[in-house]
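First listed ligand is number 1; within each ligand, the first listed atom is number 1. Just so it is clear, the values below take in all heavy atoms, side chains as well, and ignore hydrogens, waters and symmetry mates.
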Amino acid sequence: MPISCASFAAKVPHVFGERKRNNSRFTPTHVGGFFLFFNLHNRSHNIPSQNIASVSNHTHSCLTMEGQYQTTVACPEADKHRKELDVAVRAIQMACSLCQRVQESLISKTNSQIQSKDDDSPVTIADWSVQATVSWLLSKCFGSRNVSIMAEEDVQNISKAGTAGLLEAVVKTVNECLADAPRYGLIGPEMVLGTKEVLEAISRCNSEGGQTGRFWVLDPVDGTLGFVRGDQYAIALALIEDGEVVLGVLGCPNYPMKKEWLSYHHRYYRIISKLTPPTSDSWDKGCVIYARRGSGKAWMQPLLNGNKKLEWPNSARPVQVSSIDNPALATFCEPVEKANSSHSFTTGLAHSVGLRKQPLRVYSMVKYAAIARGDAEIFMKFARAGYKEKIWDHAAGVAIIQEAGGMVTDAGGRPLDFSKGIYLEGLDRGIIACSGAKLHDKIIMAVDASWNSSSL
Ligand SMILES: Nc1ncnc2c1ncn2[C@@H]1O[C@H](COP(=O)(O)OS(=O)(=O)O)[C@@H](OP(=O)(O)O)[C@H]1O
Ligand SMILES: [Mg+2]
Ligand SMILES: [Mg+2]
Ligand SMILES: [Mg+2]
């Protein structure tokens with residue numbers, strides 16, 4: 001019998017709907033950490049938007065967990081993508097919880113399990129597990145024929161010889177997470193997923209994107225380097241329709257209560273200083289930030305952690321960009337890794353614009369979250385020549401900052417183009433996100449003034 005998915009009651013403007021609970025059939029198990037490298041393979045075309053059972057054209061219905069739609073009720077244009085956002089937020093809440101468990105397990109073990117140099121690109125069981133979980137949930141909620149997903153990880157590295165233990169850990173992690181689905185208002189599988197189903201869920205994320213149709217974009221763990229170091233990371237999900245990002249959700253499981261701790265390097269701090277780290281209440285605060293295009297609002301929910309009393313809908317609150325427009329008072333964020341963005345170029349830029357504060361170097365799309373929450377005013381990224389930015393590293397963050405009142409463009413002042421496939425094709429030099437137009441103009445002008453003398 002179909003069970004209504006929490007989607008349409010719209011009791012509050014940002015979270016809505018009712019949920020029905022079912023009993024978990026699974027026993028959570030603890031899974032250790034693994035670590036591999038990734039590449040890209042096996043992508044297929046996205047689904048034209050007209051093939052999607054849409055609820056946005058003035059009617060919408062109850063979504064069943066079998067992916068069917070029932071009862072039609074009036075639906076104003078303003079309700080567009082509410083159902084998708086609702087499911088996406090719940091799925092990302094679940095993914096945050098999954099990542100917290102895996103990260104704890106990774107950093108509580110000796111680092112011999114993590115074999116990587118700083119300049120390599122890591123992938124862990126969390127990356128694959130989140131990808132499988134979110135893919136499975138979206139397919140379950142909307143029907144697999146209606147869901148097209150582009151995501152970072154592929155199935156090759158965990159299905160090849162010698163990775164049986166890794167795959168087993170991913171399957172366990174996915175099942176443990178999906179068993180919790182009812183607590184988040186979603187429905188998990190009736191039976192424990194087998195290896196084949198988990199691999200299918202991962203490999204289904206093979207959309208190549210493009211300028212027509214609708215597809216989801218998922219970065220299952222963004223800032224994997226931060227993740228394995230016990231530091232900041234994000235889970236990013238966006239929906240793109242005809243080349244435009246229509247909703248974005250960012251899970252930031254380690255976003256600290258005090259913004260000053262954003263630049264706190266958990267592992268190094270523990271090892272080197274032997275000082276007491278912030279309590280888990282403050283360090284592990286965590287949040288999910290989300291926005292729908294055109295709503296003019298971005299929202300933030302606390303994480304629904306295991307030991308907290310579960311309430312849904314829970315206390316989301318609106319977030320807004322900072323009103324600071326004086327460069328001397330502004331904080332700018334950038335990637336931690338010099339290899340990912342030129343620190344020397346941004347140092348010069350900061351000086352010429354009159355930025356006085358130390359840069360806030362944070363892993364992952366948490367930088368976009370920091371701008372949207374008003375904890376920083378500027379984010380700049382200037383990758384080395386030849387590096388092509390992938391759309392999953394930016395789509396959710398761009399939508400959220402824009403709805404929170406900020407601006408995101410390339411260094412030529414043009415909007416980022418999410419319609420050209422996996423990459424942000426045609427990106428002019430770098431990415432600049434700001435809380436307002438005044439700071440944005442200053443940075444753009446400063447880039448022009450210093451670009452030719454830079455070595456980028
Ligand atoms: N060489 C190079 N240049 C530029 N960008 C790169 C490069 N290599 C990787 N990446 C992408 O950067 C994503 C992480 O970005 P961050 O801003 O978090 O960088 S940093 O980790 O703080 O240094 C990271 O995302 P994840 O792979 O999801 O962690 C990559 O997609
Ligand atoms: Mg990666
Ligand atoms: Mg990423
Ligand atoms: Mg990633």
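- Remark: among candidates Val366, Asp222, Asn340, the nearest residue to atom 25 (O) of ligand 1 is Asp222, based on non-hydrogen atoms.
- Looking at Glu152 and the Mg ion (ligand 2) together, the shortest N, O or S contact belongs to OE2.
- Assignment of Lys381 to the shell around ligand 1 is supported, since a heavy atom sits closer than 4.0 Å.
- Partner Leu193 forms a side chain to side chain contact (heavy atoms under 4.5 Å, CB included) with one of Leu178, Thr133, Val171, Leu199 and no other, that one being Leu178.
- With respect to the salt-bridge test (charged N to carboxylate O, under 4.0 angstrom), the residues Arg204 and Glu197 do not qualify.
- Classification of Glu377 and Lys259 as a salt-bridged pair fails, no side-chain N sitting under 4.0 Å from a carboxylate O.
- By the criterion of a heavy-atom distance under 4.0 Å, neither the backbone nor the side chain of Arg361 is placed next to ligand 1.
- Restricting Asp222 to its N/O/S atoms, the shortest distance to the Mg ion (ligand 3) is reached by OD1.
- Remark: side-chain polar atoms of Thr212 are not paired, donor with acceptor, to backbone N or O of Asp242 under 3.5 angstrom.
- Atom 29 (O) of ligand 1 has its nearest heavy-atom neighbour, among Ala339, Gly223, Ala383, Ser342, in Gly223.
- Counting only non-hydrogen atoms, the option in Gln232, Lys367, Met365 that gets closest to atom 16 (P) of ligand 1 is Lys367.
- Applying the 4.0 Å criterion to heavy atoms of Asp219 picks out, from ligand 1, the atoms 28 (O).
- Atoms of ligand 1 found under 4.0 Å from any heavy atom of Tyr363 (numbered from 1 in listed order, with element): 18 (O), 20 (S), 21 (O), 22 (O).
- Contacts between Leu225 and ligand 1, counted as non-hydrogen atom pairs separated by less than 4.0 Å, are absent for every part of the residue.
- Electrostatic pairing of Asp231 and Arg229 does not count as a salt bridge here, judged by no charged N lying under 4.0 Å from a carboxylate O.
- With 2.8 Å as the limit, Asp219 counts as an N, O or S neighbour of the Mg ion (ligand 3).
- Ligand 1 lies less than 4.0 angstrom from a heavy atom belonging to Val362.
- Two residues are said to be in side-chain contact when any heavy atoms from C-beta on lie closer than 4.5 Å; Ile371 and Cys434 fail this criterion.
- Contacts between Tyr387 and ligand 1, counted as non-hydrogen atom pairs separated by less than 4.0 Å, involve the side chain only.
- Between Val221 and ligand 1, a contact under 3.5 Å exists for at least one N or O pair.
- On a distance-only criterion, Glu337 and ligand 1 share at least one N/O pair closer than 3.5 Å.
- The pair Lys381-Glu389 counts as a salt bridge, with a side-chain nitrogen and a carboxylate oxygen less than 4.0 angstrom apart.
- Under 3.5 Å, the side chains of Asp180 and Ser97 contain no donor-acceptor pair of N or O atoms.
- The residues Lys388 and Glu425 are annotated as salt-bridged, a charged nitrogen and a carboxylate oxygen being separated by less than 4.0 angstrom.
- When the Mg ion (ligand 3) is compared with the N/O/S atoms of Asp393, atom OD1 turns out nearest.
- Residue contacts with ligand 1, taken as heavy atom pairs separated by less than 4.0 Å, do not involve Glu334 at all.
- Phe332 and Phe379 have their aromatic ring centers separated by at least 6.0 angstrom.
- Near Val336, meaning under 4.0 Å from one of its heavy atoms, ligand 1 places the atoms 20 (S), 22 (O), 23 (O).
- The shortest heavy-atom contact between Phe382 and Ser341 is N-OG, 2.8 Å.
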